[in-house]
Amino acid sequence: MGSFLLTAVGIAFAVQAPQATVVGTVRASESGEPLAGAVVALTDLDRAALTDSFGRYAFPDVPPGPQHLTVRSIGYAVRTLHALVPPEGELQINIALRPDPVSLAGIEVRVTVPVRGVESGASAAFLDRGISVAAVRSHPLLAEPDVFQALGGGHVVVSPESPSGVHIRGGSSDQTAYLLDGIPVFSPYHAAGVFSAWNPDALSMLTLSSTSPSPVFLESLSGTVAAVTRTPGSQFRAQGGVSTTQARVTVDGPLGVAGAGYLLSLRSGFPGVVAPRDEPSYVTGETGDWLASIEAPAFGGRMRFLGYDNENKIDAAAVEAPDATGPESGRNVFEWRSRSMGAEWTRAISSVSVRFRGWRATGAAGAIWAAENGSPTNMTAARRDEGLLAVVERSASRATTVAGVRVERTRTTYRVKSGSGDRPSLAMGARTPVATAFIQHARGIAPRTEAELMASLATAAGDVLLGPRVQLRWKPSELLAFSGSYARLHQFAQSLRNAESVVGNIFPVDLYLGA
């Protein structure tokens, strides 16, 4: 018992006995500058410390005897020293490190190349797909950026020699809807395939909805082509270009109130610029379009105004009048114009967003066919739509519900006048008011499976028309996706243009008549 107590007392005195402290400074050998953040380690005791801003370190309570001291710092060679620590007191060890630069492998940074339809910013998947204007500009087959021509491929066919329409899954041109910031546009084409009537400098994104047409625009039997204008910048910006076919300029910037901005785009084509004025066999004409947009905060949300206009004129080859005494000639003249005006107010409240939109869209066309007897044939056609839309959208983690009401009125006229008489030989017209209520619900029913259900109820000409839609999408892997859809749709205005006519190459306009 007594020996056990003596041993315990001895151990206690040994633990409480004073021990040495190891201190020092770490510096660079060439410059003598202190090295901050160097790692100093007593490897035998598994203890480490970092040097301070003056290069100093300290290890208190180091047991006596031989110890190994290792110092590391990025950009310097590792150094290990052998030290004999005294039983007590302070042992100072100052260390100088030799520079030893670290060789790092080169880092190559590459910009993501936008590829049409597959850029990371696209919100829609093929067949429904999105394409940025950056991708349009990088299209390898286009001499100039053209948002319609860039959509061609797969189930989308664009006439290679004229912009006579975007044909989706074999549908005719009037079965495709065109929207600018949600506002309908009729016949958005220029003449002879030179360029489409939407200036790419003013746009940021283009989306194509075909497998599941947009519920907001119910008359698109084959699909919807929707463009979004650029958001005005916080500083004035200007962009433009001049080529052999067109001159264009786009400006945008802030406008007065904080958060408000404007965008203005102007374009003009050059057909007939180099043609002699007195040479009747040359094709002359005019093409041009403009777009204006204003955005501003309003009533807790955001208000946007849009104006768009394009006009075209082609003065085609002449025919000689045999009964004329001189070299008098007639001309074949084709003119058409599209104009759209609209306003939209949106507001998001938590997971619910509200949108109100109103618009007026018009399209007018005319043609004068020269005749050998000197009595030309005149054709005129016009369409004017006015509408209002109210939409409420609610988003959850795995589901989205959209409900809305759309009210619109379509007025169409079509007249043909032959010879010198006052009365037209053919005259047709229609007024078609349509009111529609719709609801759409999309939900993820499995980790890689989504379902979308929609129903619409439209009233037109005294009839009630039901339009059910359903779509199922399954993506078993990142490289493979399946989708199937069913839709019953209705069209309330149809084009009278003969799609097989060669005149469509220079007169690519839909001549609508209300049904």
Side-chain angles (χ1 to χ4, degrees), residues 142-152 156-168 170-180 184-200 206 208 220-225 227 245-246 267-272 283-291 308-317 331-340 361-369 377-383 385 412 414 416 491 493-513:
L142 298 179
E144 293 193 26
D146 190 297
V147 292
F148 291 160
Q149 297 287 344
L151 286 177
V156 180
V157 176
V158 181
S159 178
E161 297 180 356
S162 68
S164 58
V166 177
H167 306 275
I168 303 173
S172 62
S173 61
D174 69 332
Q175 294 176 353
T176 303
Y178 299 90
L179 307 176
L180 265 177
V185 174
F186 302 132
S187 299
Y189 318 114
H190 281 313
V194 177
F195 53 95
S196 63
W198 285 358
N199 186 355
L206 197 74
L208 170 65
S220 55
L221 298 189
S222 61
T224 302
V225 176
T245 61
Q246 60 179 286
R267 283 200 307 175
S268 179
F270 296 143
V283 177
T284 61
E286 300 175 359
T287 59
D289 55 78
W290 62 262
L291 183 151
Y308 168 79
D309 183 282
N310 86 70
E311 54 183 339
N312 307 265
K313 180 180 180 181
I314 293 293
D315 202 340
R331 302 290 294 181
N332 297 323
V333 180
F334 306 90
E335 296 180 277
W336 67 98
R337 184 173 188 173
S338 176
R339 173 174 291 179
S340 299
T362 61
I368 301 176
W369 292 83
T377 298
N378 292 269
M379 184 276 293
T380 59
R383 175 178 178 177
D385 278 27
T412 56
Y414 182 82
V416 177
Q491 187 178 24
Q494 182 176 347
S495 176
L496 300 178
R497 178 165 64 93
N498 182 2
E500 303 299 327
S501 173
V502 295
V503 180
N505 289 332
I506 60 173
F507 193 46
V509 60
D510 288 317
L511 311 175
Y512 290 99
L513 188 68

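The analysis underlying the following values was restricted to heavy atoms, covering all of them including side chains, and did not include hydrogens, waters or symmetry mates. Everything numeric in this text was worked out from a predicted model, so none of it was measured. Nothing fancy with the numbering, it's 1 onward along the sequence.
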Q. For the atom pair CD (Gln149) and CG (Leu142), what is the distance rounded to the nearest 0.5 Å?
A. 6.5 Å

Q) Checking Arg497 side chain against Val509 main chain: does a donor-acceptor pair fall under 3.5 Å? A) yes

Q: Kindly give the heavy-atom pair with the smallest separation between Tyr189 and Pro508, and that separation in Å.
A: CD1-O, 2.9 Å

**Q.** Closest heavy-atom pair and its distance - Ala361, Pro184
**A.** CB-O, 3.4 Å

Q.
Give me the atom names and distance for the closest heavy-atom approach of Asp289 to Ala197.
A. CG-O, 3.7 Å

Q.
Could you measure the distance from the CZ atom of Arg337 to the OG atom of Ser187? Nearest 0.5 Å is fine.
A. 13.5 Å

(Q) Tell me every residue that passes salt bridge (Lys or Arg N to Asp or Glu O under 4.0 Å) with Glu311, counting only those two or more places apart in sequence or in another chain. (A) none

Q) Among all residues two or more places apart in sequence or in another chain, which pass the side chain to side chain contact (heavy atoms under 4.5 Å, CB included) test with Ala227? A) Leu180, Trp198, Leu203, Leu206

Q. In chain order, what residues pass the side chain to side chain contact (heavy atoms under 4.5 Å, CB included) check against Thr176, with sequence neighbours excluded?
A. Ile168, Tyr178, Ser222, Val225

Q. Yes or no on side-chain hydrogen bond (donor to acceptor under 3.5 Å, both in side chains) for Asp146 and Ser196, after CA distance, side-chain angles and deciding distance?
A. CA-CA 6 Å; Asp146 190 297; Ser196 63; 3.1 Å; yes

(Q) My understanding is that only residues two or more places apart in sequence, or in another chain, count here; which of them pass side-chain hydrogen bond (donor to acceptor under 3.5 Å, both in side chains) with Thr377? (A) none

Q: For residues Tyr308 and Ser338, determine if any side-chain heavy atom of one lies less than 4.5 Å from a side-chain heavy atom of the other.
A: yes

Q) Does His190 reach the side chain of Gln246, with side-chain heavy atoms less than 4.5 Å apart? A) no

**Q.** Residues in side-chain hydrogen bond (donor to acceptor under 3.5 Å, both in side chains) contact with Asn378, at least two apart in sequence or another chain
**A.** none

Q. If we only count heavy atoms from C-beta on, is the His167 to Ser173 side-chain gap below 4.5 Å?
A. yes

Q.
If the condition is side chain to side chain contact (heavy atoms under 4.5 Å, CB included), which residues does Ser172 pass it with, not counting sequence neighbours?
A. Asp174, Gln175

Q) Taking all non-hydrogen atoms of both residues, which atom of Ala381 and which atom of Leu511 are closest, and how far apart? A) CB-CD2, 4.0 Å

Q. Taking side chain as C-beta onward, heavy atoms only, is Phe186 less than 4.5 Å from Ser340?
A. no

Q) Which heavy atom in Asn312 sits nearest to a heavy atom in Asn310, and how many Å separate them? A) ND2-OD1, 2.8 Å

(Q) According to side-chain hydrogen bond (donor to acceptor under 3.5 Å, both in side chains), who are the partners of Glu335, at least two apart in sequence or on a separate chain? (A) none

Q | Partner residues of Phe334 under the ring pair (Phe, Tyr, Trp, His ring centres under 6.0 Å) criterion, sequence neighbours left out | A | Trp369, Phe507

